[in-house]
Amino acid sequence: MKALDHMTVMLDAEQIQQAVADMAERINREVIASAATDREPVMVVVLKGAFLFASDLLRHLSRPIPVVFAHTRSQEERIVMTVEDQEFLRGRDLILVDILLDSGDSLKRLHRWLTDACQPASIRIAVLLHKTVLDPEPLPLDFLGYEVPDLRLVGYGMDEHQRFRGLPCVYTWWKPTPDLA
Ligand SMILES: O=P(O)(O)OC[C@H]1O[C@H](OP(=O)(O)OP(=O)(O)O)[C@H](O)[C@@H]1O
Ligand code: HPA
């Protein structure tokens with residue numbers, strides 16, 4: 001049986017694109033409209049998962065703001081960002097964009113690291129999906145698309161063993177996850 005036969009759509013492309021457009025409209029109104037022309041906010045995209053979400057979001061923004069990339073993984077301490085980008089973020093207003101908040105470990109680690117290493121003026125967080133998991137110290141989310149149940153998700157940037165990131169919908173497994181390793 002093919003992997004796709006194990007999957008069911010949790011959010012279709014239309015639901016995703018509507019949430020992206022709604023979020024962009026709020027960011028335009030609450031962040032971009034009040035930013036000085038010589039101090040545009042900067043989008044920090046969390047790789048790999050946020051690459052599709054961030055590129056869709058950017059195309060709805062009223063100004064083509066600068067973008068930098070940070071790579072981290074939920075199970076790892078390591079954060080990768082070029083030294084030039086770290087310098088570029090100093091004193092800037094950041095919009096930290098990720099596709100999913102699950103345990104919250106990745107974004108908390110990145111938020112701490114950005115604060116210490118880059119000393120930005122401010123950090124706002126934009127996340128498309130938030131798994132409703134119990135977290136005694138939740139990160140405050142400034143912009144959120146959907147609350148989703150605590151199920152393994154793939155598609156729209158999210159993977160299972162590096163597969164399925166390019167799917168335009170968000171899927172979950174309705175049969176046990178097949179062995180993809
Ligand atoms: O809240 P958490 O439990 O930390 O999980 C959320 C993170 O997990 C995913 O990335 P992943 O670690 O799978 O790396 P990837 O994006 O490179 O696949 C996702 O893109 C988030 O960044
Ligand atoms: O549900 C998920 N899907 C893909 N990657 C993830 N990283 C944390 N949770 C998930």
Side-chain angles (χ1 to χ4, degrees), residues 2-13 15-17 19-20 23 27 42-58 67-82 85-86 89 94-118 120 123-181:
K2 294 195 295 289
L4 273 171
D5 296 333
H6 293 242
M7 289 146 75
T8 185
V9 173
M10 176 179 282
L11 292 169
D12 64 28
Q15 290 170 305
I16 292 171
Q17 293 307 323
V20 172
M23 190 182 294
I27 294 175
V42 183
M43 184 182 283
V44 179
V45 181
V46 185
L47 296 177
K48 298 178 185 172
F51 77 109
L52 286 182
F53 173 43
S55 60
D56 284 343
L57 195 57
L58 269 170
V67 183
V68 307
F69 299 96
H71 191 196
T72 187
R73 300 205 60 206
S74 46
Q75 313 300 335
E76 290 178 14
E77 286 295 306
R78 200 161 60 109
I79 291 168
V80 181
M81 183 187 284
T82 66
D85 280 347
Q86 292 177 40
L89 298 186
L94 311 187
I95 307 170
L96 181 56
V97 173
D98 204 351
I99 183 68
L100 170 69
L101 196 91
D102 189 336
S103 66
D105 291 348
S106 305
L107 269 193
K108 281 182 188 170
R109 190 182 328 114
L110 196 49
H111 192 284
R112 266 198 310 272
W113 180 84
L114 283 167
T115 305
D116 295 345
C118 307
I123 306 179
R124 291 181 179 85
I125 300 179
V127 168
L128 184 69
L129 307 171
H130 178 220
K131 279 194 198 175
T132 39
V133 292
L134 203 61
D135 184 347
E137 291 179 56
L139 260 184
L141 301 182
D142 300 278
F143 305 101
L144 171 65
Y146 290 104
E147 288 283 350
V148 291
D150 187 11
L151 298 168
R152 184 79 191 168
L153 305 175
V154 293
Y156 199 60
M158 293 174 290
D159 75 309
E160 193 72 61
H161 296 289
Q162 302 303 331
R163 293 178 62 191
F164 313 119
R165 291 191 198 273
L167 296 172
C169 307
V170 172
Y171 294 82
T172 188
W173 304 99
W174 68 278
K175 289 183 188 170
T177 312
D179 184 11
L180 299 167

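Just so you know, ligand 1 is whichever comes first in the structure, and atom 1 is the first atom listed for that ligand.
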To the nearest 0.5 Å, how far apart are CG in L129 and CD1 in I16? 7.5 Å
For R73, atoms of ligand 1 separated by under 4.0 Å from a heavy atom: 12 (O), 14 (O)
Hey, looking at atom 4 (O) of ligand 1, which of G49, A50, S106 has the closest heavy atom? S106
Using modelled atom types only, decide if a donor and an acceptor are shared between the side chain of R78 and the backbone of R73 within a distance under 3.5 Å. no
Shortest non-hydrogen pair, D135 vs S103, comes out as OD2-O, 3.7 Å
Side-chain (D142) to main-chain (I125) donor-acceptor, under 3.5 angstrom: yes
Option passing side chain to side chain contact (heavy atoms under 4.5 Å, CB included) with H71 (candidates L110, V46, V80): V80
Going through the checks in order, is the side chain to side chain contact (heavy atoms under 4.5 Å, CB included) test met by Y171 and V9? CA-CA 4 Å; Y171 294 82; V9 173; 3.5 Å; yes
Treating R109 as the side-chain partner and E76 as the backbone partner, does any N or O pair qualify as donor plus acceptor under 3.5 Å? yes
Checking Y146 against V170 for the side chain to side chain contact (heavy atoms under 4.5 Å, CB included) test, could you report, in this order, the C-alpha distance in whole Å, the side-chain angles of both residues, the deciding distance, and whether it holds? CA-CA 11 Å; Y146 290 104; V170 172; over 6 Å; no
Report the distance from atom NZ of K131 to atom CG of L153, rounding to the nearest 0.5 Å. 5.0 Å
Distance filter under 4.0 Å to D159 heavy atoms, resulting ligand 1 atoms: 18 (O)
Could you find the nearest protein heavy atom to atom 15 (P) of ligand 1 and give me its residue, atom name and distance? K48 N, 3.7 Å
Specify the closest pair of heavy atoms between G145 and M23, including all atoms of both residues, with the distance to one decimal. N-CE, 3.5 Å
Taking only non-hydrogen atoms of L100 and a 4.0 Å limit, the atoms of ligand 1 in range are 6 (C), 21 (C)
For I99, the ligand 1 atoms with a heavy-atom partner under 4.0 Å come out as 20 (O)
Ligand-residue contact atoms, ligand 1 with H71, heavy atoms, under 4.0 Å: 17 (O)
Checking heavy atoms under 4.0 Å, the part of R109 that sits near ligand 1 is neither
Which protein non-hydrogen atom lies closest to atom 5 (N) of ligand 2, naming both residue and atom, and how far is it? R152 NH2, 3.4 Å
Is a side-chain donor or acceptor of K48 paired with a backbone partner of R165 at a separation under 3.5 angstrom? no
For atom 9 (N) of ligand 2, which protein heavy atom lies nearest, and how many Å away is it? D102 OD2, 2.7 Å
Using a 4.0 Å heavy-atom cut-off, which part of K131 comes near ligand 2: side chain, backbone, both, or neither? side chain
Matching residue for M158 among L167, L100, D102 - test: side chain to side chain contact (heavy atoms under 4.5 Å, CB included): L100
Atom 10 (O) of ligand 1: protein heavy atom closer than 4.0 Å? no
Atom indices of ligand 1 within 4.0 angstrom of D98 heavy atoms, with elements: 20 (O), 21 (C), 22 (O)
Would you say ligand 2 has an N or O under 3.5 Å from any N or O of L153? yes
Protein heavy atoms near atom 6 (C) of ligand 1, is at least one of them under 4.0 angstrom away? yes
Heavy atoms only, cut-off 4.0 Å: how does D102 contact ligand 1, side chain, backbone, both, or neither? both
for atom 8 (O) of ligand 1, nearest protein heavy atom and its distance come out as S74 OG, 4.0 Å
With a 4.0 Å heavy-atom cut-off (strictly under), which part of M158 contacts ligand 1: side chain, backbone, both or neither? neither
Do any N or O atoms from the side chain of E160 and from the backbone of V154 form a donor-acceptor pair under 3.5 angstrom? no
Only heavy atoms count here, so choose which of S103, G104, G157 is nearest to atom 3 (O) of ligand 1. S103
In ligand 2, the atoms that come under 4.0 Å of a heavy atom of D159 are 4 (C)
Relative to the heavy atoms of R165, which atoms of ligand 1 are at a distance of less than 4.0 Å? 15 (P), 16 (O), 17 (O), 18 (O)
Which part of V154 is near ligand 2, with near meaning a heavy atom under 4.0 Å away: side chain, backbone, both or neither? neither
